[in-house]
*Asks:* 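One structure is given below, represented as structure tokens, and several questions about it will come after.
Just so you know, these numbers come straight off a predicted model, no measurement behind them. Heavy atoms only: backbone and side chains are in, while hydrogens, waters and symmetry mates are out. Residue numbering restarts at 1 for every chain, and letters A, B, ... go by the order of the sequence lines.
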Protein chains: 2
Amino acid sequence: MNQIDIFKALSNETRLEILKWLKEPEKHFDKPSAHLSKNMNEKGGVCVGDIVEKAGLSQSTISQYLTMLQKAGLLESERHGQWTYYRRNETIIKELWNSLKEEL
Amino acid sequence: MNQIDIFKALSNETRLEILKWLKEPEKHFDKPSAHLSKNMNEKGGVCVGDIVEKAGLSQSTISQYLTMLQKAGLLESERHGQWTYYRRNETIIKELWNSLKEEL
DNA sequence: TATGTTAATCGGGTTTTTTCGATATGTCAA
DNA sequence: TTGACATATCGAAAAAACCCGATTAACATA
């Protein structure tokens, strides 16, 4: 858990938004994808395309942003067929919160 | 309190360090400046020169970093004679914690 | 008032970030 | 196996961040 990498990831409007959207996916991504398994739905993953549409940036940019958020540890991903679903890594986010409370 | 500006300010090793140093100034800045009023000492302000020395970067860079941290709201400054003392703005930092706990 | 000291600002070379379009990879379905 | 679709990766132009030395501004004091 590198704090600098986390802050870098969060210091971009779009990436910060993505993290917040994924806190309540059902609220921000109306259409429940048909290809989404019930299990996946419970875990709250959202596929890249839906995030691209919502963010209004290019597919390549969003894909890179998601990778960056994942490398920072804030997101985790799971591939199902041709779709990759991203969801928050709540464990790391809680850890971040604790370390900030202590150190910051 | 702009979260993006705060994250940008924190996404640099030196600036993050400065903020942490200022959490316990007496621990990280040994020499209590003679020119430091008792009142100032209680509030824990540290002058720019001491931070420059500790950080090992140029005076201009540190001055700019401090300004940036201040603009983000994380630090506050007070000028006494030819010295400017910087200290943490604990109110804002607490606000930041709360907003992160809620929104992030 | 002239000098020295502290801190802020300016201008700029270098590196990193941002964001894109094009292309590659992986997967499903006919 | 071919075509269509989702996502990842590549290469690059533009913008921003990094960090410096030089200069300016503000202040103290002799």
Side-chain angles (χ1 to χ4, degrees), chain A residues 2-19 22 25 29 31-37 40 45-72 74-87, chain B residues 2 4-19 22 29 31-37 40 45-72 74-87:
Chain A
N2 180 338
Q3 279 182 347
I4 297 292
D5 286 344
I6 289 179
F7 286 133
K8 273 189 189 158
L10 295 178
S11 67
N12 171 283
E13 194 76 47
T14 303
R15 290 193 299 263
L16 184 57
E17 284 300 298
I18 290 173
L19 197 69
L22 291 179
F29 303 91
K31 46 173 178 185
S33 313
H35 42 271
L36 193 60
S37 73
M40 205 56 215
V46 176
C47 71
V48 178
D50 289 355
I51 300 173
V52 167
E53 191 182 352
K54 175 110 183 158
L57 291 180
S58 77
Q59 184 270 320
S60 64
T61 298
I62 296 303
S63 178
Q64 281 172 133
Y65 281 6
L66 292 170
T67 300
M68 186 175 178
L69 285 161
Q70 183 174 30
K71 277 188 179 152
L74 296 163
L75 296 186
E76 54 191 12
S77 70
E78 199 172 317
R79 180 139 202 177
H80 282 243
Q82 40 190 339
W83 289 274
T84 306
Y85 296 96
Y86 282 89
R87 74 177 93 84
Chain B
N2 181 336
I4 297 291
D5 285 345
I6 290 179
F7 287 132
K8 272 189 191 157
L10 296 178
S11 66
N12 172 283
E13 194 76 49
T14 303
R15 290 192 301 262
L16 184 56
E17 284 300 298
I18 290 173
L19 195 70
L22 291 179
F29 303 92
K31 45 175 178 186
S33 313
H35 41 270
L36 193 60
S37 74
M40 205 56 216
V46 176
C47 71
V48 178
D50 289 355
I51 300 174
V52 168
E53 191 181 354
K54 175 108 183 160
L57 291 181
S58 77
Q59 184 268 321
S60 63
T61 297
I62 296 302
S63 179
Q64 282 172 131
Y65 282 6
L66 292 170
T67 300
M68 185 175 179
L69 284 162
Q70 183 175 30
K71 277 187 178 153
L74 296 164
L75 297 186
E76 54 190 13
S77 71
E78 201 173 316
R79 180 137 203 177
H80 282 245
Q82 40 192 341
W83 289 275
T84 305
Y85 297 95
Y86 282 89
R87 75 177 92 86

*Asks:* Under 4.0 Å from a heavy atom of chain A: give me the 5'-most and 3'-most nucleotides of DNA chain D that qualify.
*Replies:* D/dC5 to D/dC10
*Asks:* Answer whether the closest heavy-atom distance between the side chains of A/Leu75 and A/Thr67 falls below 4.5 Å.
*Replies:* no
*Asks:* Kindly write out the residues that satisfy side chain to side chain contact (heavy atoms under 4.5 Å, CB included) with B/Gln59, not counting sequence neighbours, or none if the list is empty.
*Replies:* B/Val52, B/Ser63
*Asks:* Between A/Asn12 and C/dT17, does any side-chain N or O lie under 4.0 Å from OP1 or OP2?
*Replies:* no
*Asks:* Just jot down the side chain to side chain contact (heavy atoms under 4.5 Å, CB included) partners of A/Ser60, sequence neighbours excluded, or say none.
*Replies:* A/Ser58
*Asks:* Go through the structure and list residues passing side-chain hydrogen bond (donor to acceptor under 3.5 Å, both in side chains) with A/Glu76, not counting sequence neighbours.
*Replies:* A/Arg87
*Asks:* Among all residues two or more places apart in sequence or in another chain, which pass the side chain to side chain contact (heavy atoms under 4.5 Å, CB included) test with B/Thr14?
*Replies:* B/Asn12, B/Ile18, B/Ala55, B/Leu57, B/Ile62, B/Tyr65
*Asks:* Taking side-chain hydrogen bond (donor to acceptor under 3.5 Å, both in side chains) as the test, write out the residues that go with A/Gln70, two or more places apart.
*Replies:* A/Ser77
*Asks:* Compare all side-chain heavy atoms of A/Leu22 with those of A/Phe29 and state whether any distance is below 4.5 angstrom.
*Replies:* yes
*Asks:* Could you pick out which residue, A/Gly81 or A/Gly56, lies toward the 5' side of DNA chain C when each is mapped onto its nearest nucleotide?
*Replies:* A/Gly56
*Asks:* Whole-Å distance between C/dT17 P and B/Lys8 NZ?
*Replies:* 12 Å
*Asks:* Got a sec, which residues hit side chain to side chain contact (heavy atoms under 4.5 Å, CB included) with A/Gln3, two or more places apart in sequence or on another chain?
*Replies:* A/Phe7, A/Ser99, A/Leu100, A/Glu103, B/Leu16, B/Lys20
*Asks:* Could you list the protein-to-nucleotides 6-12 of chain C atom pairs, N/O on both sides, closer than 3.5 Å?
*Replies:*
unit_1	atom_1	unit_2	atom_2	d
C/dT6	O3'	B/Gln82	O	3.4
C/dA7	OP1	B/Val48	N	3.1
C/dA7	OP2	B/Gly49	N	2.7
C/dA7	O3'	B/Thr84	OG1	3.2
C/dA8	OP1	B/Tyr86	OH	3.1
C/dA8	OP2	B/Ser63	OG	3.0
C/dA8	N7	B/Gln59	NE2	2.8
C/dA8	N6	B/Gln59	OE1	2.8

*Asks:* Could you give the CD1-to-C1' distance, from A/Ile4 to C/dT16, as a whole number of Å?
*Replies:* 15 Å
